[in-house]
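Inspection log for the structure reproduced underneath, given as structure tokens.
Note on naming: letters A, B, ... go to the chains in the order of the sequence lines (proteins, then strands), and numbering restarts at 1 for each one.
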Amino acid sequence: MKWPATIAEAKRLQEEMVGRVRLTPLTCRPLTIGGVDAAYGNGQTVAAAVVYDYPTLTLREEAVAALPTTFPYVPGYLSFREGPAILAAITRLSALPDLFIVDGQGIAHPRGIGIATFLGVLLDRPTIGSAKSLLVGTYDEPPAERGSRTPLFYRGQAVGAVLRTRQGVRPLFVSPGHLVTIDEAADIVLDCCTRYRLPEPQREADRLVGTRKRDFSPL
DNA sequence: GCGACAG
DNA sequence: ATCTTGTCGC
């Protein structure tokens, strides 16, 4: 694909792609779940893509890729900063997982197309946005117990769930990316959280980009 | 015009 | 995200 070089171009692409988003229920229970994340350093964007069996949560495969950082971080346009490297990492997987958990927002976005949604439409695969902090919307703080959730509203619409994945920790902002519903997204993310706040695939992808950067940083 | 603002 | 040591709390 051709990546936008300016915010104006990126915005046009988002407005064009949002029409292809489908928040339909999963057609079948996922047997594999992927996780993706990115990190930066020395002008490079390092991305990782991992695959876990589900629901056993056994690590199945990992891949990493690095590309020059070309797009700035601008709230609402994360797809264009991290997307190229993440797709490069995904391309290195022997097989695509049935669903991806993406570090960032899904439809809980100013134009309804956060990075999870963007990747889902591009790959034509179910994706879930799992963000560690809020981008847009309002919500009530969910109870402190694991599994508690409250709706995330934006422009009068429920666009996601604020989910407590572990007792007492800060909640995750979960929203559908593509081809999943809000409830399915929250249920799956919770299922993938065993010992930590982040779902296992997302946590492993995060850990992987960190180690990859360490081993290749020019010292 | 004034804030808010994923990673 | 990244820059950064010790420190508070379970």
Side-chain angles (χ1 to χ4, degrees), chain A residues 3-4 7 10-11 14 17-18 21 35-49 64-90 100-121 127-139 144-146 152-155 159-178 182 185-186 189 195-199 201-214 216-219:
Chain A
W3 292 94
I7 297 297
K11 183 177 182 183
Q14 289 180 326
M17 288 178 67
V18 74
V21 180
V36 296
D37 192 23
Y40 314 92
N42 308 296
Q44 292 278 296
T45 296
V46 178
V64 294
L67 290 177
T69 302
T70 59
F71 208 87
Y73 169 67
V74 180
Y77 298 88
L78 185 64
S79 300
F80 308 98
R81 181 170 173 79
E82 301 193 342
I86 288 176
L87 284 172
I90 289 177
F100 275 107
I101 291 177
V102 181
D103 191 321
Q105 311 291 342
I107 62 171
H109 176 279
R111 285 166 295 287
I113 180 163
I115 188 169
T117 302
F118 183 86
L119 292 174
V121 170
T127 55
I128 293 171
S130 172
K132 299 181 291 298
S133 62
L134 179 72
L135 174 60
V136 295
T138 58
Y139 64 95
E145 297 71 44
R146 166 189 159 86
L152 174 61
F153 293 104
Y154 184 55
R155 293 173 177 167
V159 296
V162 183
L163 177 69
R164 196 80 69 182
T165 59
R166 294 293 287 167
Q167 170 82 243
V169 303
R170 279 176 300 142
L172 248 36
F173 297 82
V174 179
S175 59
H178 187 49
I182 292 175
V189 166
R195 317 171 44 190
Y196 306 93
R197 178 168 83 117
L198 297 180
Q202 182 179 355
R203 188 170 189 280
E204 174 59 16
D206 191 9
R207 183 198 69 71
L208 194 53
V209 287
T211 60
R212 165 61 196 251
K213 256 184 40 181
R214 217 173 301 148
F216 287 71
S217 59
L219 290 182

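Here chain A contacts DNA chain B (any atom closer than 4.0 Å to a heavy atom, that is under 4.0 Å), and the contacts span B:dC5 to B:dG7 from 5' to 3'.
Taking a pair as Watson-Crick or G-U with both hydrogen-bonding distances under 3.5 Å, no stem of three or more pairs touches DNA chain C.
In this structure, the side chain of A:Arg155 engages the main chain of A:Pro110 through a donor-acceptor pair within 3.5 Å. Panel note: side chain A:Thr127, backbone A:Leu119; no donor-acceptor pair is recorded below 3.5 Å.
Using a 4.0 Å heavy-atom cutoff across all strands shown, A:Tyr77 reaches at least one base atom of the nucleic acid. Within the nucleic acid shown, A:Gly76 comes within 4.0 Å of at least one base atom, counting heavy atoms only. Contacts of A:Glu82 with the nucleic acid, taken as non-hydrogen atoms under 4.0 Å apart, involve only primed sugar atoms and P, OP1 or OP2.
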Report task. I would like to know whether A:Tyr77 and A:Phe71 meet side chain to side chain contact (heavy atoms under 4.5 Å, CB included); could you show each step before the answer? Result -> CA-CA 9 Å; A:Tyr77 298 88; A:Phe71 208 87; 4.1 Å; yes

Query raised in the report: Please walk me through it: do A:Gln202 and A:Asp37 pass side chain to side chain contact (heavy atoms under 4.5 Å, CB included)?
Result: CA-CA 7 Å; A:Gln202 182 179 355; A:Asp37 192 23; 5.9 Å; no

**Report entry** Intermediate values then yes/no, side-chain hydrogen bond (donor to acceptor under 3.5 Å, both in side chains), A:Arg111 and A:Gln14
**Finding:** CA-CA 7 Å; A:Arg111 285 166 295 287; A:Gln14 289 180 326; 2.6 Å; yes

Query - A:His109/A:Thr117 under side chain to side chain contact (heavy atoms under 4.5 Å, CB included): CA gap, chis, key distance, verdict - result: CA-CA 10 Å; A:His109 176 279; A:Thr117 302; over 6 Å; no

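DNA chain B is contacted by no residue of residues 169-178 of chain A, taking any non-hydrogen atom closer than 4.0 Å. Scanning residues 110-121 of chain A for heavy-atom distances under 4.0 Å to DNA chain B yields A:Gly114, A:Ile115.
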**Report entry** Under the 3.5 Å Watson-Crick or G-U criterion, the dot-bracket string of DNA chain B, with | for inter-strand pairs
**Finding:** .......

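Qualifying side chain to side chain contact (heavy atoms under 4.5 Å, CB included) partners for A:Arg197, counting only residues two or more places apart in sequence or in other chains: A:Lys132, A:Thr165, A:Val169, A:Arg170, A:Leu172. Residues forming a ring-ring contact (aromatic ring centres under 6.0 Å, His included) with A:Tyr154 (at least two apart in sequence, or on another chain): none. Looking at residues two or more places apart in sequence or on another chain, you find a ring-ring contact (aromatic ring centres under 6.0 Å, His included) between A:Phe118 and A:Trp3, A:Phe80. In this view, A:Glu82 and A:Tyr40 satisfy the side-chain hydrogen bond (donor to acceptor under 3.5 Å, both in side chains) rule, not counting sequence neighbours. Under the side chain to side chain contact (heavy atoms under 4.5 Å, CB included) criterion, A:Ser175 pairs with A:Gln105, A:Ile107, A:Ala108, sequence neighbours left out. Under the rule for a side chain to side chain contact (heavy atoms under 4.5 Å, CB included), the partners of A:Arg203 that lie at least two apart in sequence or sit in another chain are A:Tyr196, A:Leu198, A:Glu200.
Contact record, A:Ile113 with A:Val18: CD1-N, 4.1 Å, taken as the closest heavy-atom pair. Of all heavy-atom pairs between A:Ala144 and A:Arg164, the closest is O-CG, 3.7 Å. Residues A:Ala205 and A:Ala48 come closest through the heavy atom pair O-CB, 3.6 Å. For A:Ala88 against A:Leu67, the heavy-atom pair with the smallest separation is CB-CD1, 4.4 Å. Pairing each heavy atom of A:Ala85 with each of A:Ala65, the nearest pair is O-CB, 4.1 Å.
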Every protein N/O within reach of nucleotides 5-10 of chain C N/O, cut-off under 3.5 Å:
none

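One distance of note links CG of A:Leu163 with CD1 of A:Ile182; it measures 12.5 Å at 0.5 Å rounding.
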